[in-house]
Structure formats: structure tokens, C-alpha cells
Amino acid sequence: MPRRLLDQIDAPDDLKGLSHDELTQVAQDVRDTIISVITERGGHLASNLGVVELTLALHRVFDSPNDSLVWDTTNQTYTHKLVTGRRDEFQNIRLEGGLSGFGEPSESPHDTLCAGHAGTGLSIALGIAEGAANRRTGSWTVAVVGDGAMTSGSSFEALNNIVHLNPEKFIVVLNDNGMSISENIGFLTNWRKRLITHPEFEAMIGRMRTLLRRMPKGDLAYELVRRFKTGLAGLIVPTMLWTEMGFQYLGPVDGHDFKQLEETLRQARNATRRVPLVHVVTHKGHGYEPAEDDPVKFHQPSSPLGEGPAAPTYSKVFAQTLARLMRDDESVTGISAAMLEGTGLVDVRREFPDRVFDVGIAEQHAVSMAAGMASNGLNPFVSIYSTFLQRAFDQVVHDICIQSLPVTLIADRAGIVGEDGKTHHGAFDLSYLRCLPNAVVAAPMDENELQHLIYTAYKHRGPFAIRIARGAATGAPLDADLKELPLGKGAVVREGGDVVIFGLGKAAGAAVEAAERLAEYGIECGVVNPIFVKPLDVDLIRDAAAAMRRIVTVEENVLAGGFGSAVLEALSEAGMEDVSVHRIGMPDSFIEHGTAADQRRGLELDAEGIARQVLSVFFPEAESQTSGADREVAARA
């Protein structure tokens, strides 16, 4: 097998002596590597295939890590990782102990930040540039903004300040692929569409085409007109916009043409007076036909290492139930922030195109918009991944809870999420939601309970949050009729007289399995499905505490301020501090990437781990006796 040119690239400097033909071969080697690994492992595919040439050009023109390359978001840094000394480790990306799927400064000095949320790059880059200026390092800062980050309101806040401060040795590269995860929305996209579809624009192009066809070499003239049409749409609109904002606009540049890219980036280094903005047009999924044809599907193909599709996902059940409500009530609406596919709302929008809203990567706006809807008689459901919902905390407090508006928040991907790691785990939503006055916070044990909670939220006239786990649900059959659940009432799943486990949400299933394991030790373990974190079923907690004096709480949330803390508070208020409570949850640290199953096993959030902790904390004698018996069996064998 011939040695790849990529195998000779151990650092960015190794790229600088290559010819453009050799660079093209490196780009192909990079694409082949990304496609091979990511189609097996799962990860961000289409976005990374779109920035191969741009990444190589940046490393040829700038001197990383002395110059800072700031990516927004860092899910598009796979090429960057491959040419900054991590090529041999790339095959284990997103696995436990392997490379992160995002930027990670602990991996390499070439990574300036760990960021999995869009809209932070420009602000961070501006801070880095001001630090470089203060320390007089003479280094450049390049902010590469793309894959939907420009739909984020925080990006526009940063742009405003960049123009105001006008830092030296600072460049903004706009990676324009027209996409985030879903298709981009907003005034930038619409402005371009309005221009190229305006009747006068089309008429002008038609008149020029007719005229030029009368000239010699008419085919060539026609091609020039076609290019003119494309160029006018891509040049006039952004030039006017960015120049008026205060940037020195350069572009648009073909993001897959090394010569254009390098010439324009070097030109940006020579810019004066204004911060240069280099407009690079790329094709998401470039070089891999399936991803080019369907960049949404191939943005992040599902990992074969994750959970199997034995049952519908919680997201799908939510979407199906919401559609059911929307058929009966025109006031019901759905909102997401560039996550229509992930939240299941894409199918609902096909049926109700005027009542499902994708606001782009703008979670704060989504929540405030929902508040406005609710104040004017609508019944909005806002579905946002838990890790992104935390970005809208102030809006949840100020715009929804203070006014006690009937907005339902679906905290999707709550708890452990697996390979996306520490930037994406939904580890904090119970803590930051249950502290809010007027809020109801719930987590279903299975998909049947989920559909009833959605109906309950629909009937409730106040803020309501439902957290749902990533991936397949339990396979529980769905009741034909929706019913309203009593607020603050849990359910006993399994009776027991020695200890009781309160398993919240997805953890309830693991608690049932743990109880079955404990039965093998002669321990009668009860299981309670709390359903509600706020309001708590205080009577059920007190009754269990009085009967057994041993309580275990299990949740996929940080222990600080979570469900277990709520149980402790309830017992303290009841004067039952002598009851033994053991809390199981996520620790006071950020959980790295790996498979969800491995993460639950490592945190003892699976059935085996829960049973082990119950034995260790409450029944050490039973545990030691069994361990001794196991040793005797092993010795006889």
C-alpha cells in the first residue's frame, strides 16, 4: 500500500513546503481518513469534509500555535487535529481515552479552546487578540465562524464589539456553507434569496443573456452571464452588509480552491484600518457524495456504538404527541433552535409548517419568543437539548417563570449523552430548573409516561419542564388515550421492606434491574418512580422513610442541587434527618467522552453499579458473604 502524504504531516510546518498538487493529495488523504473513521465511529462528518482545504490553507498562511486559530464551533476541527500531531490517535476519536470530538487544549497547544456550543468563538477570539496586543506578542488571531454559528445572537454581539475595538492582527473567516445542522435561517439567508429571485434581477439577467448570445462565441458568453448571476448574488449582498458594519470585506472565495484561499488570507494579513472579514464559500460534505446530497443527515451520523433502535426515541414520541395535540388545538406551537431533526420536530413541521418554528442557534430568543406567544394565548412547546437550554437560563427565569406563563420546555438529551462528552452532557438541568418559583419539573420513566406528561403540561397553565433522555425509549406500549397526571405524585413500581430506590427518569429502569439483583442477596428492595422533581411527592418520600429508614436516590444529573438534594431537603423539613439517604448521580466534575454505556458503568449509574452501592452502603455483610462464597467457588475450580 503506497505511503500517504498525510503520513508525512506531523505538524503544520510540514504543509508549507508542499506544492498545490501535493496539497490536493493531502486533502484527499484527510477526507479518506475522516470518512473511514467517522462512518464507523460516528461523529460530525459533513461539516468537517467542508473545511478540509480551508484548514490546510490556514495552517500554511499562519503559524499555529503562535498564531491562534479559533474555531466556532470546534466540531469542524477534524482536519486540524490530523495535521497537528494527532493523526495516529484519530482512529479512537470520541472513544473513552481517545481524542475529543471537539477542540481540546489538553490534547494539543494548537487547540485554543474547548467549545461545543456555537456562537462563542468570536467573543473568545476577541479576548485572545486583546491579550496578544497587551502582551505585545505580535501574533495573529483568526476566528473561523461557520456551520450555523452566525445565526447565534452572541455572534452579533461580538461582531459589534470587534468593530468598536478594531483590534490589530485579527481576522474573521466566515465559513459560509449555508447550513448549521438544519438549513440556516434568518435575514442573511433571506436577503440573498430575495435578490436572486427578484423579477427585475431575473429580467436583467435575461436581457444580458439575449444580448450576449448574439455575440461571437455565444456559449462562452452565456457561461459568463451564468457566473455573473452567481457572482452578483454572492458579492453585492455580503459586500454591502459587512462593509456597512465596519469590516474590510474580502471575498467571496471558493473554499475548495487552495490558490484563492491562500492569496486572500495573505491579503487579509496586509489589511489596514479595518478588521478584515474573509468570506469563504464551502460545500458541507464536500468530496463525499452521500454527505453532499444530504448534509443534514450526515451532519452527525449516529454512532454504531450507541444504543440500538429497539424502540422509538423519546424525541420521536414527544413529536408524535405534540402533533396529536396540534391537530386538536390550533393554539399549540412548537419551537426549536436549529435542532428540528434531533428533536423530532421536522416531521411535525411538514404537517404544520406555520406552527413549528426554527429560530436558528438562538436559544435565548427561542425561550423569549415562547413567552411572548404564551402571553398572547398560544400554547408553545420549546424543545432544546439540555446542554443548550442552559444558555437561556435568564430567559427561563425572567420571561417565563416570573410571569408564570404556560410555556413547556422539553429538555432533550438530558443526562448522559455519550461520545459528544463534557460539552454536551445534560448534567445540570434539574439543578437550574428546580430552583425556579412557579416551575413544574418532571422526568418520565418511559415513553408512555412521556406522552401523558406532555398532555399534563398542555393542560397546566404555568411553566412546565420535561427532561427526556437521549436515544431509544423502553419499548413500553402507548395508551390510546392521553390523560392528565396529578402534579407532584409519584408511583410505586416495586414493593420492598428493606430499602427503597427512587429512580428518576431513565434511572428508574436501572433501579428495577438493581432491585432484581438485590433480591438474589435476600434483600427486599422497593422502587419508586418519582415522576416529579418539583413539586415533590413529599408524602410518598416520608412514608418510605418511615417504613424502611433507608433511601437511595438515582438521577442522571449532578448531585449538587439535584433530585437527591430535594429529597434530603424534604426529609429535613419533616424532621427526619436520621433517615439514611444515599445519593447516586453525576459527580462534581465534567464527564469526558465515551460510549453512554461505558459512562454509566463508570459512574455506577447502571443496574450493577446501583446494586453494588446499595450493598456497600447498607448491607456490607451480605456483600462480604457473597464475595467469600465466590472466592471458595473459584478456589475449588
Side-chain angles (χ1 to χ4, degrees), residues 11-16 51 54-77 79-81 83-86 100 102-147 149-150 152 154-175 242 245-251 253 261-280 423:
D13 282 348
D14 296 332
L15 295 167
K16 296 182 178 179
V51 296
L54 173 59
T55 305
L56 298 180
L58 285 166
H59 277 298
R60 280 165 62 90
V61 174
F62 296 95
D63 182 26
S64 177
N66 294 322
D67 295 330
S68 298
L69 302 182
V70 182
W71 294 84
D72 190 351
T73 64
T74 62
N75 63 11
Q76 52 185 335
T77 56
T79 302
H80 170 77
K81 288 175 184 278
V83 298
T84 53
R86 288 168 278 182
S100 169
F102 298 92
E104 182 49 71
S106 66
E107 288 179 5
S108 169
H110 294 279
D111 290 6
T112 55
L113 74 158
C114 165
H117 295 182
T120 65
L122 286 168
S123 299
I124 292 171
L126 179 58
I128 290 173
E130 289 298 324
N134 181 270
R135 294 184 294 109
R136 297 178 176 84
T137 63
S139 60
W140 285 87
T141 303
V142 183
V144 186
V145 185
D147 210 33
M150 282 302 296
S152 175
S154 55
S155 291
F156 284 89
E157 294 176 19
L159 289 171
N160 180 66
N161 201 223
I162 288 168
V163 170
H164 173 69
L165 294 177
N166 199 30
E168 295 182 354
K169 293 185 178 296
F170 185 89
I171 297 171
V172 176
V173 175
L174 174 60
N175 171 27
W242 299 114
M245 285 186 69
F247 290 93
Q248 180 173 343
Y249 176 84
L250 300 171
V253 182
L261 283 168
E262 291 178 28
E263 286 179 353
T264 308
L265 289 171
R266 289 192 172 94
Q267 184 182 357
R269 290 176 63 111
N270 297 323
T272 58
R273 295 192 302 277
R274 289 182 168 189
V275 172
L277 184 142
V278 180
H279 182 183
V280 179
T423 61

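Note: hydrogens, waters and symmetry copies are ignored here, and every other heavy atom, side chains too, is used. Being a predicted model, the structure only gives us computed values, none of them experimental.
Taking Arg269 as the reference, nothing meets the salt bridge (Lys or Arg N to Asp or Glu O under 4.0 Å) condition, with sequence neighbours excluded. For Phe170, there are no ring pair (Phe, Tyr, Trp, His ring centres under 6.0 Å) partners at least two apart in sequence or on another chain. Ala133 pairs by the side-chain contact (heavy atoms from CB on, under 4.5 Å) definition with nothing, not counting sequence neighbours. In this structure Thr77 satisfies the side chain to side chain donor-acceptor pair (under 3.5 Å) test with no other residue, sequence neighbours excluded. Every residue meeting the side-chain contact (heavy atoms from CB on, under 4.5 Å) condition with Pro276, not counting sequence neighbours, appears here in chain and number order: Ile171, Leu250, Ala268, Ala271. Qualifying side chain to side chain donor-acceptor pair (under 3.5 Å) partners for Ser154, counting only residues two or more places apart in sequence or in other chains: Ser152. Asp14 is linked by a side-chain contact (heavy atoms from CB on, under 4.5 Å) to Ile9, Asp10, Ala11, counting only residues two or more places apart in sequence or in another chain. Applying the side chain to side chain donor-acceptor pair (under 3.5 Å) rule to Ser108 yields no partners; only residues at least two apart in sequence or on another chain are considered. Partners of Ser123 under the side-chain contact (heavy atoms from CB on, under 4.5 Å) rule, at least two apart in sequence or in another chain, are Ala158. Residues satisfying the salt bridge (Lys or Arg N to Asp or Glu O under 4.0 Å) test with Glu262, not counting sequence neighbours, are Arg60, Arg266. In this view, His80 and His59, Asp111 satisfy the side chain to side chain donor-acceptor pair (under 3.5 Å) rule, not counting sequence neighbours.
Legend: side-chain hydrogen bond (donor to acceptor under 3.5 Å, both in side chains) pairs involving residues 155-170, not counting sequence neighbours: none detected.
At least one side-chain heavy atom of Asp13 sits less than 4.5 Å from a side-chain heavy atom of Asp63. For the pair Val142/Asp67, no side-chain contact is recorded, criterion being any heavy-atom separation below 4.5 Å from C-beta on. Between Val163 and Val275, every side-chain heavy-atom pair lies at or beyond the 4.5 Å cut-off. A 4.5 Å side-chain heavy-atom check between Asn134 and Glu130 finds every atom pair outside the cut-off. In this structure, Val173 and Leu265 have side chains that are in contact, with non-hydrogen atoms separated by less than 4.5 Å. Using a 4.5 Å heavy-atom cutoff, the side chains of Trp71 and Asn175 are not in contact. By the 4.5 Å heavy-atom criterion applied to side chains, Val144 and Leu69 are not counted as neighbours.
Between atom CG of residue Leu58 and atom CG of residue Leu15 there is a gap of 11.0 Å, rounded to the nearest 0.5 Å. The structure places CG of Leu113 at 10.0 Å from OG of Ser68, a figure rounded to the nearest 0.5 Å. Remark: Phe247 CZ to His279 NE2 distance equals 13.5 Å, nearest 0.5 Å. Rounding to the nearest 0.5 Å gives a distance of 8.0 Å between CZ of Phe102 and NE2 of His117.
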